[in-house]
Amino acid sequence: MMKKKKNIITAAACIVLLAGIGWVLWGNTALMIQEYTVTSDRLPDAFSGFRIAQVSDLHNDVFGKDNARLVDMLSESDPDIIVLTGDLIDSRRTNTAVAVDFARQALQIAPVYYVSGNHESRMIDTFEQLADELEQLGVCVLRDEAVTVEKDGAEIQLIGLDDIGFYYTVYQERLSGMTREELALENISRLRDEEMYSVLLSHRPELMEVYAESGCDLVFSGHSHGGQFRLPVIGGLYAPGQGIFPEYDGGVYTSGSTKMVVSRGVGNSLMPVRFNNRPEVVVVELQVGE
């Protein structure tokens, strides 16, 4: 009788274990759309209802054949523009063809804007090649640059910041005794038009106070991978650039008049497994309001 009871307990434990493993594996590939609404009285009326889809931290990952599931999800979100906020490629297993093919398909949905991440900053030659290929496709690659986005005669400003990893490589001479944070602030402040509603694309959320000091209205960021392992109430356990229990692991954050949207990303890098942390396409709808 005792042996039978022990066998039942063992079998039940195995079932629970297998179910848990299955749930984790499913959660690593079960793409989802995360929608937010951001309101501002600085937003032109023409942009009320404007939809921005964000894909961050792809890291060469593929969801379905030729990334069909990711592309379909983007299309279903009906965006006015698509923003790619860094780590489109992975420095440990680089395959620029995946990134270029994804961008080609995304361009069939809406205009695409792209900024670099820390993985691009580790691979300068590869990144230069990737940036050239993306620009040839029609992607707007923003490297400490600003452009305007127009709708019905009104405009907002879109600013793209190169990842601060470049400041210790390509841009090292521009530091001139400044910290990377100070140079980032200088670059944003130089580009920002105070009269316009400004949307900043920048890979690293740990620079939130820099973004707030610059006066940008809305920031799209990534990099945190949602804290990789997420626990109820506690949230993410670790994020690069922030360490244990990161403050900015995913969602919408506010500092002063600046709102920052942090994507949990879609791909994985050094740590290949997520826990309770589904990959996400973020969609932000802008609305005029207080």
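These numbers come from a predicted model, not from an experiment. Sequential numbering from 1 along the given sequence is applied to the chain's residues.
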Ignoring hydrogens and geometry, is there a side-chain-to-backbone donor-acceptor pair from S91 to H119 under 3.5 Å? no

Please name the pair of heavy atoms, one in T254 and one in K259, separated by the smallest distance, quoted to 0.1 Å. OG1-CG, 3.8 Å

Nearest heavy-atom approach of T258 to G215 is OG1-C, 4.2 Å

Chi angles and distances behind the side-chain contact (heavy atoms from CB on, under 4.5 Å) call for F47, K151: CA-CA 7 Å; F47 280 86; K151 184 180 181 184; 3.7 Å; yes

Rounded to the nearest 0.5 Å, how far does NE2 of H203 lie from OG of S263? 10.0 Å

Q157 (side chain) donor-acceptor with L191 (main chain) under 3.5 angstrom: yes

D41, CG atom: more than 12 neighbouring heavy atoms under 6.0 Å: yes

Can a side-chain donor-acceptor contact be found between Y114 and E120 if the only test is distance below 3.5 angstrom? yes

Any donor-acceptor pair under 3.5 Å from S75 side chain to D72 backbone: no

Among all residues two or more places apart in sequence or in another chain, which pass the side chain to side chain contact (heavy atoms under 4.5 Å, CB included) test with Q105? D66, V71, D101

Just checking E285: does its CD atom have more than 12 heavy atoms from other residues, nucleotides or ligands closer to it than 6.0 angstrom? yes

Report the C-alpha separation of V62 and F102 in whole Å, then their side-chain angles, then the decisive distance to 0.1 Å, and conclude whether the side-chain contact (heavy atoms from CB on, under 4.5 Å) test is met. CA-CA 9 Å; V62 177; F102 166 68; over 6 Å; no

Y248 backbone acceptor or donor facing Q242 side chain under 3.5 Å: yes

Tell me if a side-chain donor or acceptor on R274 pairs with a main-chain N or O of G267 at a distance below 3.5 Å. yes

Test side-chain contact (heavy atoms from CB on, under 4.5 Å) on E206 and H223 and set out the steps. CA-CA 9 Å; E206 64 266 28; H223 191 48; 3.7 Å; yes

Do other residues, nucleotides or ligands put more than 12 heavy atoms under 6.0 Å from the CD atom of E247? no

Identify the residue among D57, N277, D249 that makes a side-chain hydrogen bond (donor to acceptor under 3.5 Å, both in side chains) with R264. N277

Look only at the side chain of S198 and the backbone of D217, and say whether a donor-acceptor pair between them is shorter than 3.5 Å. yes

Looking only at heavy atoms, which two atoms of N268 and D90 are closest? And how far apart? O-OD2, 4.1 Å

Given R204 and E181, is the salt bridge (Lys or Arg N to Asp or Glu O under 4.0 Å) satisfied, shown in steps? CA-CA 11 Å; R204 305 207 190 206; E181 291 74 16; over 6 Å; no

Is L286 reachable from L74 through a run of hydrophobic residues whose side-chain heavy atoms are each under 4.5 Å from the next? no

For the CG atom of N187 and the CD1 atom of I164, what is their distance to the nearest 0.5 Å? 11.5 Å

Nearest 0.5 Å please: distance from the CD atom of Q54 over to the OG atom of S77. 11.5 Å

So if you build clusters from Ile, Leu, Val, Met, Phe, Trp, Tyr with side-chain heavy-atom gaps below 4.5 Å, do Y36 and I33 land together? no

Using a 4.5 Å cut-off on heavy atoms from C-beta on, say whether the side chain of S255 contacts that of M260. no

Testing the basics here: between V115 and L142, what is the closest heavy-atom pair and its distance to 0.1 Å? CG1-O, 3.6 Å

Are the side chains of L237 and F245 in touch, meaning some heavy atoms are under 4.5 Å apart? yes

Consider only side-chain N and O atoms of S202 and Y211, and report whether a donor and an acceptor are under 3.5 Å apart. yes

With a 3.5 Å cut-off and no angle check, do the side chains of D163 and S116 form a donor-acceptor pair? no

Pairwise side-chain contact, L201 with L158, heavy-atom cut-off 4.5 Å (strictly under): yes

Is there a donor-acceptor pair under 3.5 Å between the side chain of D80 and the backbone N or O of A110? no

For residues V139 and L107, determine if any side-chain heavy atom of one lies less than 4.5 Å from a side-chain heavy atom of the other. yes

Consider only side-chain heavy atoms of I, L, V, M, F, W and Y, link residues closer than 4.5 Å, and tell whether V147 and I159 are in one cluster. no

Can V266 be reached from V98 by stepping across I, L, V, M, F, W or Y side chains whose heavy atoms are under 4.5 Å apart? no

Are the side chain of D144 and the backbone of D162 linked by a donor-acceptor contact shorter than 3.5 Å? yes

For the CG atom of L130 and the CD atom of E135, what is their distance to the nearest 0.5 Å? 10.0 Å

Under a single-linkage definition using a 4.5 Å side-chain heavy-atom cutoff for Ile, Leu, Val, Met, Phe, Trp and Tyr, are L84 and I89 assigned to the same hydrophobic cluster? yes

Report the distance from atom CD1 of I81 to atom CZ of R51, rounding to the nearest 0.5 Å. 12.5 Å

Taking C-beta and beyond as the side chain, do F50 and L43 meet within less than 4.5 Å on heavy atoms? no

Could you tell me if the side chain of Y253 sits less than 4.5 Å from the side chain of P205, heavy atoms only? no

Please answer whether the main-chain N or O of E186 pairs with a side-chain N or O of S189 as donor and acceptor at a distance below 3.5 Å. no

Locate the shortest heavy-atom distance separating M73 from V281; write the atom from each residue and the value. SD-CG2, 4.2 Å

Using a 4.5 Å cut-off on heavy atoms from C-beta on, say whether the side chain of L58 contacts that of L70. yes

Flag side-chain contact, heavy atom, 4.5 Å: I156 against P44: yes

Quiz item: cation-pi between R143 and F166, 6.0 Å / 45°: yes

For a quick test of reading the model, state the closest non-hydrogen atom pair linking A131 to V141 and the distance between them. O-CG2, 3.9 Å

Show, in sequence, the C-alpha distance, side-chain angles and deciding distance for D125 and Q129, and conclude whether the side-chain contact (heavy atoms from CB on, under 4.5 Å) test is met. CA-CA 6 Å; D125 292 340; Q129 175 189 342; over 6 Å; no

To the nearest 0.5 angstrom, please state how far the CG atom of L88 sits from the NE2 atom of H59. 9.5 Å

Report the C-alpha distance between R93 and D61 in whole Å, list the side-chain angles of each, state the deciding distance to 0.1 Å, and finish with yes or no for salt bridge (Lys or Arg N to Asp or Glu O under 4.0 Å). CA-CA 10 Å; R93 46 186 177 86; D61 279 354; 3.3 Å; yes

